[in-house]
Amino acid sequence: MSMDKTFDAASAEARISAEWDRINAFAAGANAKPGAETFSVLMPPPNVTGSLHIGHALDNTLPDILVRWHRMRGFDVLWQPGQDHAGIATQMVVERRMAERQEPGRREIGRDAFVEKVWQWKQESGDTIVNQLRRLGTSCDWSRNAFTMSGAPGAPEGQGGNFHDAVLRVFVDLYNKAIIYRGKRLVNWDPHFETAISDLEVENREVPGHMWHFKYPLAGGETYEYVERDADGNITLRETRDYISIATTRPETMLGDGAVAVHPDDARYAPIVGKLCEIPVGPKEHRRLIPIITDDYPDPDFGSGAVKITGAHDFNDYGVATRNNIPLYALMDTKGAMREDGLSYAESAAIASRAAQGEDVGDVSNVNLVPDHLRGLDRFEARTQVIADITGEGLAVTDAEGAPVVENKKIMQPFGDRSGVVIEPMLTNQWFVDTARIVGPALDAVRDGRTQILPDQHRKVYEHWLENIEPWTISRQLWWGHQIPVWYGLDLESRGFTDDEGDGALDEVELFALLSDGLVQRGDYHHAAASFDEVAERFRDDIAGLPQPLEIARVIEVADRDAAIEAFSRGLADYNLSQDPTKLVYPVWRDPDVLDTWFSSGLWPIGTLGWPDATAEMRKYFPTDVLVTGFDIIFFWVARMMMMQLEVVGDVPFHTVYVHGLVRDEKGAKMSKSKGNVIDPLTLVDEYGADALRFTLTSMAAMGRDPKLGPKHVEANRNFVTKIWNATRFAEMNGVRGGGDRPNPRHTVNRWIIGEVARATAATDEALQGFRFNEAASGLYAFVWGKVCDWYVEFAKPLFDSEHAEETRATMGWVLDQCYTLLHPIMPFVTEELWSLTGDRDSMLIHADWPEFGRDVIDEDADRQMNWVIQLIENIRSARAQMGVPAGARLDLIVTEADAPARAALAANAPLIERLARVNPPQEGKGGNGMLAVSAGGASFALPIGDVIDVAAETARLEKNAAKTSKDADGLRKRLDNPRFVENADFEVIEETRQKLADLDQDLARIHAALAQLKAM
RNA sequence: GGGCGGUUAGCUCAGCUGGUAGAGCGCUUCGUUUACACCGAAGAUGUCGGGGGUUCGAAUCCCUCACCGCCCA
C-alpha cells in the first residue's frame, strides 16, 4: 500500500464522519473510564433559521477541542447540541417566503395555520445548520439534539424533548413568586414587526438629524422678561417674550406633549413656572394648553433649557411625566402611524385641557390627540406636516434673516436589530421579569468564583451590566414562540357589582346592573398555569365567592376579551330566560403574546437535560463545565442563564465561561453582508479541509482578541496537514508502523525525540487547561513541523541504514502516534485517517488514550547532545551558504578543537551530521589555508573549500559573527557588572546569565582564533 | 460623556505572573539530496505608538498624550 501525496480531505471527512456515527463515537459517556468525572458542554444554540457562519465555526470548534481532549482522557463527556427557535428571525423568514410565493399573509391564514407553516419550514430546513456543523467535525451527541420549541403545540410527532414544559413551568413559577409581572410601561416597539422588543434588541446609532426650534406661546398672551447671562453673571440678552422656546428632534410628538419642563434652578424661566403655555400645533380653536413644570431632568445648558414632555413617546419624558403626574398621551398605532382610533380630536383636546388644569382625568388611553388631518399618516409624514403647520403659522424660532432655525446635527436613534426600522417608545401592556429580584445570586456567583468568566475584561462587563439591570420585557407580539401561559377573566367583583339584598343570590336587577355597568371599563383578573385545565381551577376558586348562581358558572375558554364579554352576556341572558344556571359561563381568554426567545434559551442548561423531570442526565451533567460563546451575547444569554438557573434550580449553569472574540476579515473589518466581506466557513472547508479551518481558528483564538481570518492563513495550515501527512508517508515507506508501546531506545536521537514529545504533551495540556487555544495550536505546529518533520525525520534517514534501524522504526511509529493523538482535538479528520492507515488499532483515534507520561521521560543528556548537533549543522550550513559553497558539494570536516562532551556528541551522531551538513566523516587536524571556520559549543571545526577561498569574504563573515557575539556578550557583561543586579536578581537568573556569557565568550574566542589564522595567510 | 480594549518585522498577529523580541504570510539567494515544491536550506527587516515614572532591569507594571476600535449613555 502506498499513500497518496496529499490528504484528500473531501472524501476522507465524509467517510470518517460516517464511521464515527457508526460507532456512536460522540454519544454522551462514550469512552468514559469507569467512575470517570463528567465534563459537559452546551452548544450555544444557533438559530434554526440560520446557516453556518464563521462565528458558529469558532463557537463550536473551541468547545469541540475541549470535548475531544476530555473524551480521550476518559472523562464522561456530554457535548449537548441544539437549536434556538429564534422568534422574530424565524417569523420574518417564513413571512418573507410566503410573500415571495405570493401566498396569503399570516393575518389572512390565521395563527394556527401560520404556526403550522413555521413548523413545516423548520422540518424542511432546520437540519441545514446541523449538517453544516457536522462537516466541521463537531462531536456533539446529535442523538440529543434539542430545540427550544420542542414539545410546543404543533410540534411534529416523533420529536423528543419537552422544552415547552420547562419554559411554561418556569414562567408559572416566577409568576407565582411575582417575579414576573404585567404592567403598562413604555417599551421599545418595533413598528415593522409590531412587537415589543427588549432594550438589548435595540441598536442605538448616530445618524444625521435635525433639531427644530419652536415657540410655545404663553397662555393668554402673557409676557415675561427673558434674561440670559454668561458664566460671570453678566447679562448678555434681555428681552420681553410671550413664548417659551423648545427644541426638538421629533416634532410629531409635540401633539402628545403633557407639559414643558425646566430645571428648578433655571432663573430664566422662574417667572413662568406654574403657568400654562400653548402647543403651537393642532386646530386653532382647540389649541391645547400645558403646564410649565420643574424637574431635574432638563439640562439648562442644552438647547433652550426647556424640554417638552411627551411621556408616552420618550423614555426620559416618561420618567418626568410619571414623577409629576403628567398624563401619557399615546399618538401612534402599532405600525408607527398616527392613531385613528379613540375619541375625536375635539373630545380628546377637551379632556387634555382639564388634565392641564390639574384635574384627574383617569385613564387616557382612549384620548387621541392627533388632529384629524394628521390621523393615519405615517409618523415621518406627520413630522413633515407638523413642521409645515408651525412654520406656516410663524411659530418657528427664526434667525436674524427671519428663516426658521433648523440645526443639522447627529442624533442618537434607536433601530430594531432585526427590522432596521426606527424603534418607537410605546406605552403598552407587557410582561416583565423583575430582574432586580433575581440578579443578586448571578452577581455573587461570578464574584466568588463559582463561575469564572474568561478573559477577565468580560467579567467586568458582566458585573457592570447586572449591577445596573433594568426590568426585562419578555412578551412579544408574535405568533412563533411559547405562548404566554396566562389566561384573563372578567373582573366581576372588584367594582360596581353588589348583591343588594345580601341574600347571596343574583336577581334580575343585579344582573342588569352587571351588564350595564360596563364590563369593558373594568380591569381583568389573570392567572398563570401550564394548561387551561389548571387555570380553570384557579378561576373556579375565584368565582366561588360570587353570589349564586354565578359561583357555579362554567369556566370556558374563548378567543379574546370581546368574545368573553359576548359569551358572558349571552350566558346571563339565557339564564335570565330559562333560569337554568348551567347556561351561565365564565369565559377566560389566553394572552395571545409569546415569550422572548431568550426567555427559553435562558433555560438551555436545564431544559436540554430534561428538567423539570429528575433525569439521570440532569443529575450527572448539571452544572455543566464550560460554555464557549461570543461576547455579543453575554447579556442576552449568559447573564440570563445565570439568573434563571440560580433562581430555578439554585445552582450556577456552568463553572467557566470562555468568551471568544468576533471573527473579522483579514483587514480587521467586521464581516457583513452589505460589505461583502463575509467568509463562508464551508467554502473554506471545501477548499482546504475542515482540519485546516479548525486549526486556523484555534491558532487565532488568543484570549481577548478578535481573530482576523483570511484564506492565506487557512492555506498555511492546510500545508501543515500535508506536512504531517507526508511525514507519515515517509515513515510508511520505511516500514514504520504505529500502535506500539512507548519504546526505550538507546540511540540519542530516539531518546531525544521522546523527550520532545513529553514536552509537547505537557505544553498542550497546560495550554488547554488554561483555555489558551492559540498556544496549544502554535506549540503543536512548532513541535510537529519544527521538531519532528524538520529534524527527527531527517536524523532518522541515516539511522534506517544502521544498526539502530529497528528501534528507530519503533520510536518513529510511536512518535507519530503521539502527534496524531495530540493534534486530534484540533484536527480530527486527518489524524483519524492517519491513525487508521498506520496500524492495527484497538479503537478509533477519537477514543484512543491521551498520553499521560510526564516530563520524567526527558533524557537531559540526549537533549543537550542533540541540541549541540543541531547547532553544529546549522552553523555549517550557514557558513556554506554565505560563502557560496555549492549545495551539493561534500566538504571535509576537520576537528581542530573539542572538549569531551563535544567529542562524545560528535562520535555518537557523526552520520547524522555528515548527511545533514553535507560533510565527510570528521577527522582530527588543523585549520589552515582555504578553510571555513565553524564552531559549536566546546568545539571548533575547519572546512576546506579549496585553495580559492575568498579570504575577504570569509573575514567579513567571521567579523560579522564576531560583532554580533561580542555585542550580545557585552550586554550580559554589563548586567553582571552591575552590583545591584547581582544583589537583587534571582539566583537562577544570575546563573543563567553567567552561563550565557561564558558560552558567548568562548564562541568569540574561537571566531577570533579563526580570524587570526586567516590574517596569517 | 462614561467604561473597556488596541497600537510589536512590509502584512496579519503571538508574547501568561518584569530578565532585553517570535510565528505565519510576503520578500531575497540557493536547491529537485531515498516524505512533502501545499517542499527544503540560508538570509534581510523591529529606538515593541509618543513622553514621563517605578525597577539593577520594562514590549511587559504605573501616569500621561495621540490615534484606532468596541460597549453603554
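First the proteins, then the strands, lettered A, B, ... as listed; each starts at 1.
- Listed pair Thr728(A) / A35(B) fails the phosphate criterion, with no side-chain N or O lying under 4.0 Å from OP1 or OP2.
- At a threshold of 4.0 angstrom between heavy atoms, the contacts of Asp790(A) are confined to the sugar-phosphate backbone, with no base atom among them.
- Of all nucleotides listed (C4(B), C38(B), G19(B)), C4(B) comes nearest to the side chain of Gln457(A).
- In the set C16(B), A41(B), A14(B), A41(B) carries the atom at the smallest distance from any side-chain atom of Arg877(A).
- When distances are taken from the side chain of Ala702(A) to each of A14(B), G19(B), U33(B), the shortest belongs to A14(B).
- Asp299(A) comes within 4.0 angstrom of no nucleic acid atom, judged by non-hydrogen atoms across all strands.
- Going from the P atom of C61(B) to that of G15(B) covers 12 Å, rounded to whole Å.
- For Val989(A), the listed nucleotide lying nearest its side chain is G19(B); candidates were G19(B), C39(B), U34(B).
- A donor-acceptor contact under 3.5 Å links the side chain of Arg975(A) to the base of U20(B).
- OP1 and OP2 of C71(B) both lie 4.0 Å or more from every side-chain N or O belonging to Lys460(A).
- As judged by a 4.0 angstrom heavy-atom cut-off over every strand, Lys5(A) is placed among residues touching the sugar-phosphate backbone only.
- The partner of A37(B), taking Watson-Crick or G-U wobble pairs whose two distances both stay under 3.5 Å, does not exist in any strand shown.
- In the model, Tyr792(A) has a side-chain atom that pairs as donor or acceptor with a side-chain atom of Asn750(A) under 3.5 Å.
- The same atom, C1', is picked in U20(B) and in G1(B); the two are 41 Å apart, to the nearest Å.
- For Phe829(A) and Phe7(A), the ring centers are positioned 6.0 Å apart or more.
- Residue Lys712(A) places its side chain closer to C25(B) than to any other of C25(B), G43(B), A14(B).
- For the pair Trp785(A) and G40(B), the criterion of a side-chain N or O lying under 4.0 Å from OP1 or OP2 is met.
- Comparing A58(B) with G43(B), their P atoms are spaced 30 Å from each other, to the whole Å.
- With hydrogens and angles left out, the side chain of Glu794(A) and the base of A35(B) share a donor-acceptor pair within 3.5 Å.
- Contacts of Tyr688(A) with the nucleic acid, taken as non-hydrogen atoms under 4.0 Å apart, are absent.
- Look at Lys996(A) and you'll find a side-chain N or O under 4.0 angstrom from OP1 or OP2 of U20(B).
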Inset, instruction - Give the C-alpha distance, both sets of side-chain angles, the deciding distance and a yes or no for side-chain contact (heavy atoms from CB on, under 4.5 Å) between Arg640(A) and Trp472(A). - result: CA-CA 10 Å; Arg640(A) 285 164 177 174; Trp472(A) 172 17; 3.4 Å; yes
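- Across all strands, Arg880(A) comes closer than 4.0 Å to no nucleic acid atom at all (heavy-atom distances).
- The listed nucleotides are G19(B), C56(B), G24(B); the one nearest the side chain of Asn978(A) is C56(B).
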Inset, instruction - Could you walk me through whether Arg694(A) and Asp691(A) pass the salt bridge (charged side-chain N to carboxylate O under 4.0 Å, His left out) test, one step at a time? - result: CA-CA 5 Å; Arg694(A) 287 174 62 114; Asp691(A) 292 320; 5.2 Å; no
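- Asn984(A) comes within 4.0 angstrom of a base, heavy atoms only.
- With hydrogens and angles disregarded, no donor-acceptor distance shorter than 3.5 Å links the side chain of Arg918(A) to the backbone of Ala889(A).
- The base-pairing partner of C67(B), taking Watson-Crick or G-U wobble contacts with both distances under 3.5 Å, is G6(B).
- Here, G51(B) and U45(B) have their C1' atoms 26 Å apart, quoted to the whole Å.
- Checking U12(B), C38(B), A14(B) against every side-chain atom of Arg718(A), the shortest atom distance belongs to C38(B).
- Of the candidate nucleotides G19(B), A35(B), U33(B), A35(B) has the atom nearest to the side chain of Lys723(A).
- Put simply, the residue from Val628(A), Leu697(A), Ile826(A), Thr629(A) that forms a side chain to side chain contact (heavy atoms under 4.5 Å, CB included) with Leu62(A) is Val628(A).
- One donor-acceptor pair, N or O on each side, does fall under 3.5 Å between the base of U34(B) and the side chain of Arg915(A).
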